[in-house]
*Asks:* 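My questions all concern the structure below.
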Amino acid sequence: MTPFAKKVYKVVSNIPLGEVRTYKWVALKAGKPKAVRAVGQILKNNPYPWFIPCHRVICASGDLGGYVFGKKKKKALLDLEKQIRKVMV
DNA sequence: CAAACTATTCAGC
DNA sequence: GCTGAATAGTTTG
């Protein structure tokens, strides 16, 4: 666990339900706008990916990027959260 | 400490 | 739209 990773987790955990942010955005919020790749690697190496909404983090091009359970699952999860948010609102 | 790796991003064609 | 190159931090030896 590193200070940067901690920040990244915090930022990612602050992403609203059903919303998605880019690695760049997360890196920016983490304080290292140029560490987008490091962020992705941290998320992939993160000890508890299920404690972190890493599925809400995607590429700046709109690409899903990657996910521990698979990109397809990531998409499904995002859609699910979108539906949940719709119900909550 | 140094080298290698990475779920990315930007620029050029 | 696709390919190539660059950047910064993490991890491992």
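Proteins get letters first, then strands, A, B, ... in listed order; numbering begins at 1 in each.
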*Asks:* List, with names and distances, any nitrogen or oxygen atoms from the protein found under 3.5 Å away from nitrogen or oxygen atoms belonging to nucleotides 9-13 of chain C.
*Replies:*
residue, atom, partner, partner atom, Å
C/dG9, N2, A/Gln41, OE1, 2.7
C/dG9, N2, A/Gln41, NE2, 3.2
C/dT10, OP1, A/Thr2, OG1, 2.6
C/dT10, O2, A/Gln41, OE1, 3.3

*Asks:* Can you spot which of A/Arg56, A/Lys82, A/Arg85 makes a side chain to side chain donor-acceptor pair (under 3.5 Å) with A/Glu19?
*Replies:*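 Going through A/Arg56, A/Lys82, A/Arg85 one by one, the side chain to side chain donor-acceptor pair (under 3.5 Å) with A/Glu19 is satisfied by A/Arg85 alone.
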
*Asks:* Within the 4.5 Å heavy-atom criterion, are A/Trp25 and A/Ile15 side-chain neighbours or not?
*Replies:*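 Yes, their side chains come closer than 4.5 Å.
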
*Asks:* Given that both pair distances must be under 3.5 Å and the pair must be Watson-Crick or G-U, what runs of three or more consecutive pairs involve DNA chain C?
*Replies:*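 Ordered by first number, the stems with DNA chain C (at least 3 consecutive pairs each) read B:1-6 with C:8-13, B:8-13 with C:1-6.
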
*Asks:* Could you tell me which non-hydrogen atom of A/Ala38 sits nearest to which non-hydrogen atom of A/Phe4, and how far apart they are?
*Replies:* CB-CE2, 4.1 Å

*Asks:* Of all the heavy-atom pairs spanning A/Pro53 and A/Ser13, show the shortest one and how long it is.
*Replies:*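 That closest heavy-atom pairing would be CG-CA, 3.8 Å.
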
*Asks:* For the residue pair A/Arg21 and A/Val26, what are the closest heavy atoms and their distance?
*Replies:* CB-CG2, 4.5 Å

*Asks:* Tabulated below should be each protein N or O lying under 3.5 Å from an N or O of nucleotides 11-13 of chain B; please produce it.
*Replies:*
none

*Asks:* Rounded to whole angstrom units, what separation is found between the NZ atom of A/Lys34 and the P atom of C/dT7?
*Replies:*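 Answer to the nearest Å: 9 Å.
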
*Asks:* Report the distance from atom CH2 of A/Trp25 to atom P of B/dT9, rounded to the nearest whole Å.
*Replies:* 14 Å

*Asks:* Can you tell me how far C1' of B/dA7 sits from NZ of A/Lys71, to the nearest Å?
*Replies:*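 Taking NZ of A/Lys71 and C1' of B/dA7, I get 9 Å after rounding.
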
*Asks:* Between the side chain of A/Lys74 and the main-chain N/O of A/Val57, is any donor-acceptor distance below 3.5 Å?
*Replies:*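 Side chain of A/Lys74 to backbone of A/Val57, a donor-acceptor pair under 3.5 Å: yes, one is there.
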
*Asks:* Run the side chain to side chain contact (heavy atoms under 4.5 Å, CB included) check on A/Leu28 and A/Lys24 step by step: do they pass?
*Replies:* CA-CA 6 Å; A/Leu28 184 76; A/Lys24 196 176 162 194; 5.7 Å; no

*Asks:* Whole-Å distance between C/dA8 C1' and A/Leu43 CG?
*Replies:*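 The answer, rounded to whole Å, is 15 Å.
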
*Asks:* Under 3.5 Å, is there any donor-acceptor pair linking the side chain of A/Tyr67 to the base of B/dA7?
*Replies:*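 In this structure, the two groups form no donor-acceptor pair.
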
*Asks:* Nearest heavy-atom pair of A/Pro49 and A/Cys54: which atoms, and what distance?
*Replies:* O-SG, 3.6 Å

*Asks:* Would you call the rings of A/Tyr67 and A/His55 parallel, tilted or perpendicular if under 30° counts as parallel and over 60° as perpendicular?
*Replies:*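 Answer is perpendicular, since the angle exceeds 60°.
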
*Asks:* Write down the distance between NZ (A/Lys24) and C1' (C/dA8), rounded to a whole number of angstrom.
*Replies:*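 It is 15 Å, rounded to the nearest whole Å.
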
*Asks:* Give the rounded distance in Å between these two atoms: OH of A/Tyr23 and C1' of B/dT8.
*Replies:*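 Going from OH in A/Tyr23 over to C1' in B/dT8 covers 8 Å.
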
*Asks:* Quick one, A/Tyr48 with A/Tyr9, criterion side chain to side chain contact (heavy atoms under 4.5 Å, CB included). Give me CA distance, side-chain angles, the key distance, then yes/no.
*Replies:* CA-CA 10 Å; A/Tyr48 301 105; A/Tyr9 297 144; over 6 Å; no

*Asks:* Show the nearest heavy-atom pair for residues A/Ile42 and A/Val8, with the distance to one decimal.
*Replies:* CD1-CG2, 4.5 Å

